[in-house]
J.: 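Below are the C-alpha cells for one structure; questions will follow.
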Amino acid sequence: MRFSALRVLKEGLTGNKGWTPHWRDPAPKPEYDAIIIGGGGHGLSTAYYLAKNHGMTNIAVLEKGYIGGGNVGRNTTIVRANYGLEGNSQFYSHSLKLWEGLEQDLNYNAMMSQRGIINLFHSDGQRDAAARRANMMISQGDDAELLDKHTVRKLLPNLNHDNIRFPIYGGLYHKRGGTARHDAVAWGFARGADQRGVDLIQNCEVTGIDIENGVVKGVQTTRGAIKAKKVGMVVAGRSGQVAAMAGMRLPVESHVLQAFVTEGLKPCVDHVVTFGMGHMYMSQSDKGGLVFGGDLDFYASYAQRGNLPTKEHVMEAAMCLMPQIGKARVLRSWGGIMDMSPDGSFIMDKTQVDGLFVNTGWCYGGFKAVPASGYCMAHLMATGQPHEVAARHRLDRFETGRGLMDEEASGSQHNLH
Amino acid sequence: MRIACPLCGERDSREFSYKGAALALGYPSEEAGFEAWDDYLHKRDNPAGPTRELWYHGSGCTAWLVVTRNTMTHEILSVELAEDAPESAQENTQGANA
Ligand SMILES: Cc1cc2nc3c(=O)[nH]c(=O)nc-3n(C[C@H](O)[C@H](O)[C@H](O)COP(=O)(O)OP(=O)(O)OC[C@H]3O[C@@H](n4cnc5c(N)ncnc54)[C@H](O)[C@@H]3O)c2cc1C
Ligand SMILES: [Zn+2]
C-alpha cells in the first residue's frame, strides 16, 4: 500500500477500513542469504538498504522483542551533522543527507523536522570553540552559523539569558539539524524492508552463533536454528552478549542514559537547544512535551532505568537554563542501554570469523546515524568492503592506536565519553 | 543506589565515582604484546548480571573499592577494599551473562 493524501482522504470517507498491517509476521525459514541480529533502527536500515541498494532480498532481521522496542524507541530523536573528525565528519554528513530524502524514499511520514539546533556558549573561549566547530561543519559541506547573544535572545525568548554563572553569549546554529519521530523511523524502515521481501521475525532471540573452521554458518534462536552465509550483529547495547556467542570480547561497555518528558505545553521552545555547560539539552515534541536529557549515569548497566542523582542533576540544569520549566510536571523518565566505545565513535567492520560482521559502539548518538549506518553496513555485508564514509570505523583501531576518533579529546578510555 | 563502604558504612552513590571493570587491579607485564594491552585497556566482558568493578569513595574516605554489582538490577552484592581484594585481574563473572 502506498501512502498519499488521496489515500488518507479516501480512507477517511470510507470508514478507515482499507488500512492493512505495515509488515508481515512471517515464520523463520530454515536458511537465508543473510541474517541481521537486532531489529532496532540500525538493523532495520541495514536490511532495507541490503534489499534496495544491493538486491539482497532473501534476508531476515531477527529481533528478540518487538520492532522498535530497543533504543530506537527510547531516544530523544536529535539528528545533526556537527562532528569534527575525519571519518565521523563524512559519515554524519552522509547520514543527514539521507535523512533529508528519507520520507520520500520510504513513503513514510517520519515527522522529520529540521527545526535547527542551537548549541549555547557562555564565554569567549567557548565562542572560539564554537567558531572552530562551525568552520569544520562548513568545510565538510554542511551548514553552521554563529549567532550573537541578541539573536539567541530573539530565537529563544524563554531561556534565562542572564544567569550569573552561565550568561548566554551566543550560539552555534545548525539549521539543517532537528528531530524525527523515532518510532516512525523504525516503522518506515521496517515497512520498506518488508515490502522488498525481507522477513522481519519478532520474538526471536539469537542464543548462539554457529561457526565452523572460522566461517559463520548460521544462528541458534528461540525459534530454532537458521542457516546463513552472512550474519550481522547489530544489537547496540547488547553487543557484548551477542559477540560473546562468537567467542569475541568487544571494546564496549554498556551504560544507562536517561531522558525525561514534561506534560504538554503551548509552543515555547522552537529549536533543539543544548546547554553543554549543564550537560543538558531540550526540544519540544509536537504534542507539546518538553523532551530533555543529560549525561550518562556513568556506571555499567542493563537495567533500562537510571538513578536519582542523574535525574536531580538534569533537573537542576534545566532550572538553570529555563527557570519556568519548574512549573511543568515531568510525566515520564526512562533509560536506555548505550554501547559505549573507548573513543566515543562507532565500530563497523568484519570480524575474524568469515561472514560475521559487527556494528556497535554508537554511544548516546546512534539515532542520527540510523540511515547511514544501514547504508554502510549493507555495503559492507554485500560487498565485503567498507563503504568509504565508514572505512575508518575499524574494530582494530584500539589495539593499534591508529585512527582513533576521539571527538571530545578526552582520551581513548572507557568511562570518559 | 547506595554503596556500603567498609570504612564509612552505607553511603549515597553520589559520594563515589565509577572506574570500570575491576580488571584494572592488575595490568599486563611490560613485555606483553599489543593484544594483551588491548584486552586490558579496551576489551570488556561487559556482563549483563553480576560484575566486579572499581569504585572510588572520593567524597568519603578516598579508598578504592571493589564492588560486586548486578548490572541488570543495580543490586550491590558485596563491597571490599581494593587493597584487600584478590588481584586476580580477571573479571570473575565469565558465564554469568544473562
Ligand atoms: C535516553 C536516550 C536518548 C538518546 N538520544 C539520542 C539523540 O537525541 N540522538 C541520537 O542520535 N541518538 C540518541 N540516542 C542513542 C540511540 O538511541 C542509539 O544509539 C540507537 O538507537 C542504537 O541503535 P539501534 O536503534 O539499532 O538500537 P536498538 O533499538 O536498541 O536495537 C537493538 C535491538 O537488538 C535487539 N537484540 C538484542 N539482543 C538480541 C538477541 N540476542 N537476539 C535478537 N535481538 C536482539 C534488541 O531487542 C533491540 O531491539 C539516545 C539514547 C537514549 C537511551
Ligand atoms: Zn569510604
Side-chain angles (χ1 to χ4, degrees), chain A residues 205 207-208 235-245 247-256 296-313 335 337-343 347 352 360-361 395-402 404 411-417, chain B residues 1-3 11-24 27-28 32-59 65-77 79 89-91 93-98:
Chain A
E205 178 170 357
T207 53
V235 289
R238 285 286 181 167
S239 293
Q241 281 77 55
V242 172
M245 295 172 196
M248 292 169 65
R249 271 172 103 225
L250 294 176
V252 167
E253 198 174 79
S254 295
H255 281 246
V256 57
L296 296 172
D297 271 36
F298 282 113
Y299 47 81
S301 174
Y302 288 87
Q304 293 201 114
R305 60 181 159 76
N307 271 296
L308 293 171
T310 303
K311 290 185 173 64
E312 187 177 46
H313 180 94
I337 313 171
M338 310 289 56
D339 34 331
M340 301 300 298
S341 72
D343 66 354
I347 295 162
Q352 281 168 342
T360 187
L395 180 56
D396 68 1
R397 67 179 185 269
F398 305 99
E399 180 175 341
T400 62
R402 207 178 299 128
L404 293 170
S412 179
Q413 267 193 46
H414 285 292
N415 210 27
L416 292 183
H417 296 274
Chain B
M1 210 157 68
R2 291 171 70 80
I3 299 176
R11 313 290 299 189
D12 190 318
S13 67
R14 257 173 287 216
E15 293 186 4
F16 302 81
S17 49
Y18 170 81
K19 164 79 181 160
L23 49 64
Y27 48 85
F34 284 144
E35 214 182 302
W37 278 98
D38 187 37
D39 274 349
Y40 167 72
L41 287 170
H42 306 120
K43 293 196 175 150
R44 293 293 179 260
D45 290 348
N46 198 18
T51 183
R52 212 168 157 249
E53 48 196 27
L54 280 172
W55 288 74
Y56 176 61
H57 197 183
S59 306
L65 308 174
V66 174
V67 176
T68 305
R69 196 176 58 95
N70 187 335
T71 58
M72 294 292 289
T73 61
H74 299 158
E75 184 189 1
I76 293 185
L77 304 167
V79 185
Q90 288 303 311
E91 287 167 282
T93 49
Q94 241 91 26
N97 293 355

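Sequence lines set the chain letters: A, B, ... in the order given, protein chains first and strands last, and positions in each chain run from 1.
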J.: Which atoms of A/F298 come close to chain B, meaning under 4.5 Å heavy atom to heavy atom: side chain ones, backbone ones, both, or neither?
T.: backbone
J.: Less than 6.0 angstrom separating the ring centers of B/F34 and B/W37, yes or no?
T.: no
J.: By a 4.5 Å heavy-atom criterion (distance strictly below it), what part of A/P342 contacts chain B: side chain, backbone, both, or neither?
T.: side chain
J.: Sort A/S239 into side chain, backbone, both or neither according to what part of it lies under 4.5 angstrom from a heavy atom of chain B.
T.: neither
J.: Go through the atoms of A/H313 and report whether side chain, backbone, both or neither lie under 4.5 Å from a heavy atom of chain B.
T.: neither
J.: For atom NZ of A/K311, is the number of surrounding heavy atoms from other residues, nucleotides or ligands below 6.0 Å larger than 12?
T.: yes
J.: Under a 4.5 Å heavy-atom cut-off, does chain B meet the side chain of A/Q304, its backbone, both or neither?
T.: neither
J.: Does any non-hydrogen side-chain atom of A/R397 lie less than 4.5 Å from one of A/I347?
T.: yes
J.: Under the side-chain hydrogen bond (donor to acceptor under 3.5 Å, both in side chains) criterion, do B/E53 and A/Y299 qualify, and how do the steps go?
T.: CA-CA 9 Å; B/E53 48 196 27; A/Y299 47 81; over 6 Å; no
J.: Quick one: what part of A/E253 sits under 4.5 Å from any heavy atom of chain B, side chain, backbone, both or neither?
T.: both
J.: Tell me, side chain or backbone of B/N70 under 4.5 Å from chain A's heavy atoms, or both, or neither?
T.: neither
J.: For a 4.5 angstrom cut-off between non-hydrogen side-chain atoms, does A/V256 reach A/I337?
T.: no
J.: Which bit of B/S13 is near chain A, if near means a heavy-atom gap under 4.5 Å: side chain, backbone, both or neither?
T.: side chain
J.: Check for a donor-acceptor pair, side chain of B/R69 on one end and backbone N or O of A/A300 on the other, with a separation under 3.5 Å.
T.: yes
